[in-house]
Amino acid sequence: MFPYGFLFQDKDSKVPSFEINVFIFCYLCAMAKSRSNKSKSKQPLLKKITNIATKVFLYFLMVSFLWVLAYRFINPPITLLMVLRNIERKSDGKSFKTEKKWVDFDDMSDNMKRAAVSAEDQLFLKHIGFDVKAIEKAFAANAKSKKVKGGSTISQQTAKNVFLWPGRSWIRKGFEAYFTLLIEMLWSKERILEVYLNVIEMGDGIYGAEAAAQSYYGKSCHKLSKAQAALIAACFPNPIRWTPKNPTRYIRHRQYLILRNMNRLGPLDF
């Protein structure tokens, strides 16, 4: 009857083999049940983790979508870069400094708009957030040189400056790509360029075209000449290192290239 009965057919044993087999059978059943319970206890834990991860992911999608949508109509009051720069200034014994003044797109100098596009992203009006050829060139150049060359579009830079932290990690790049797609879907090209030219760093504690124009030339950004706008744009890659007040030969050469691109670019038809 029982599979283990033949093992306990001891004639001298005072314990009946039947009772031994029943004991073994019950023991095996208990072990099987215990293993089943352990397996079941693991499944709810995995399910809980999956549910939490799913909720966090959906919550992030909802919040980020609403955040980007809100900034289509609301001007970003501050960025994480501004906060981090002030922390750095404080650690260096300097006072807080955040010079910025918002200027609407229509009140901004056409020279400043064209200089920014000519310097950073000449295909700005044609792509949907990414310039694949520029990214490929930057990747190839970075593989050969220790100097890091960027291939980010104006849309990518806007996403990084408004919604993210500075850095070059792959995680941040992933978030940058996500927010770039969102602003390309939810904002117009005018809005992207308007936000870009109002929030990007243009000097030590200086953010946006208006603050830069006032600081470097003592005038509003809608009065900037081609040469002045091109010189400001020439310093975009590293506004802490370079300044229009004391341009190096390299910056002067960049200004010349930007001016040449501005003449080739033609009107910005948004």
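Quick note: residue numbers are just sequence positions, from 1.
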Kindly work out whether a path of hydrophobic side-chain contacts (I/L/V/M/F/W/Y, heavy atoms less than 4.5 Å apart) joins L66 to V56. no
Between CE of M112 and CD of Q228, what distance do you get to the nearest 0.5 Å? 10.5 Å
Can you get from I74 to I183 by hopping between Ile, Leu, Val, Met, Phe, Trp and Tyr side chains that sit under 4.5 Å apart? yes
Does K223, at its NZ atom, have more than 12 non-hydrogen atoms belonging to other residues, nucleotides or ligands within less than 6.0 Å? no
Hey, any chance L186 and F73 share a hydrophobic cluster, counting ILVMFWY side chains that come within less than 4.5 Å of each other, even indirectly? yes
Go through it in stages, so that I can follow the logic: the residues are M108 and L197, the test is side-chain contact (heavy atoms from CB on, under 4.5 Å), and I'd like the CA-CA distance, side-chain angles, deciding distance and then a yes or no. CA-CA 9 Å; M108 204 173 289; L197 287 174; 3.4 Å; yes
Just wondering, do N263 and K226 contact through their side chains at under 4.5 Å, heavy atoms? yes
Return yes when atom CG of L58 has more than 12 non-hydrogen atoms of other residues, nucleotides or ligands closer than 6.0 Å, and no otherwise. yes
Counting the benzene-type ring for Trp, do F60 and Y178 have ring centres under 6.0 Å apart? yes
Can you confirm whether I128 is buried at CD1, in the sense that more than 12 heavy atoms of other residues, nucleotides or ligands lie under 6.0 Å from that atom? no
So does Y256 have more than 12 non-hydrogen atoms from other groups sitting under 6.0 Å from OH? no
Looking only at non-hydrogen atoms, find the nearest pair between A229 and N111 and report the distance. CB-O, 3.6 Å
Contact check, side chains of Y217 and L231, non-hydrogen atoms, under 4.5 Å: yes
With a 4.5 Å heavy-atom cut-off, do I206 and P239 have their side chains touching? no
L224 and A213 have their tightest heavy-atom pair at CD2-CB, 3.9 Å
Between P77 and K100, what is the shortest heavy-atom contact and its length? O-NZ, 2.9 Å
Once rounded to the nearest 0.5 Å, what's the spacing between atom CD of Q156 and atom CZ of F130? 5.5 Å
Residue pair K160 / W165, side-chain heavy-atom distance below 4.5 Å: no
Apply the test side-chain contact (heavy atoms from CB on, under 4.5 Å) to residues S155 and H127: give CA-CA distance (whole Å), side-chain angles for both, the deciding distance (0.1 Å), then the verdict. CA-CA 10 Å; S155 300; H127 62 62; 3.9 Å; yes
Check the orientation of F163 and W67. Use parallel for under 30°, tilted for 30 to 60°, and perpendicular for over 60°. perpendicular
So, K113 side chain and L193 main chain: donor-acceptor pair closer than 3.5 Å or not? no
If we ignore hydrogens and angles and just use 3.5 Å, is the side chain of N198 paired with the main-chain N or O of V103 as donor and acceptor? yes
Do Y71 and I154 sit in the same hydrophobic cluster, where Ile, Leu, Val, Met, Phe, Trp and Tyr count as joined when their side-chain heavy atoms come under 4.5 Å apart? yes
Give a yes or no answer on whether the side chain of S118 reaches the backbone of R114 with a donor-acceptor pair at less than 3.5 Å. yes
Any side-chain heavy-atom pair of R260 and L257 under 4.5 Å: yes
Please check if L182 and L61 belong to a single hydrophobic cluster, counting links between Ile, Leu, Val, Met, Phe, Trp and Tyr side chain heavy atoms closer than 4.5 Å. yes
Give the ring-plane orientation class for F179 versus F175, where under 30° counts as parallel, over 60° as perpendicular and anything between as tilted. tilted
Determine the sole option in K97, R241, R85 for which the salt bridge (Lys or Arg N to Asp or Glu O under 4.0 Å) test with E201 is passed. R85
Report the distance from atom CG of N75 to atom CH2 of W102, rounding to the nearest 0.5 Å. 4.0 Å
CZ of R264 to CG of L259: how many Å apart, nearest 0.5 Å? 12.0 Å
How long is the span from the OH atom in Y207 to the CG atom in N161, to the nearest 0.5 Å? 9.5 Å
Of all heavy-atom pairs between A233 and A119, which one has the smallest distance, and what is that distance? CB-CB, 3.9 Å
Could you go through the side-chain contact (heavy atoms from CB on, under 4.5 Å) check for K189 and L268 one step at a time? CA-CA 11 Å; K189 287 290 187 179; L268 294 176; over 6 Å; no
Nearest non-hydrogen partners of A234 and Q255, listed with the distance: CB-N, 4.0 Å
Rounding to 0.5 Å, atoms CG (L181) and CD (E176) come to a distance of 10.5 Å
Give a yes or no answer on whether the side chain of R72 reaches the backbone of W187 with a donor-acceptor pair at less than 3.5 Å. no
Look at the side chain of S91 and the backbone N and O of E88, then say whether any donor-acceptor pair between them is shorter than 3.5 Å. yes
Quick one: closest heavy-atom pair of A230 and I258, and the distance? O-CD1, 3.7 Å
Check whether T153 reaches the backbone of G129 with its side chain - one donor and one acceptor, N or O, closer than 3.5 Å. yes
Will you find, in the side chains of Q214 and K101, an N or O donor that is under 3.5 Å from an N or O acceptor? no
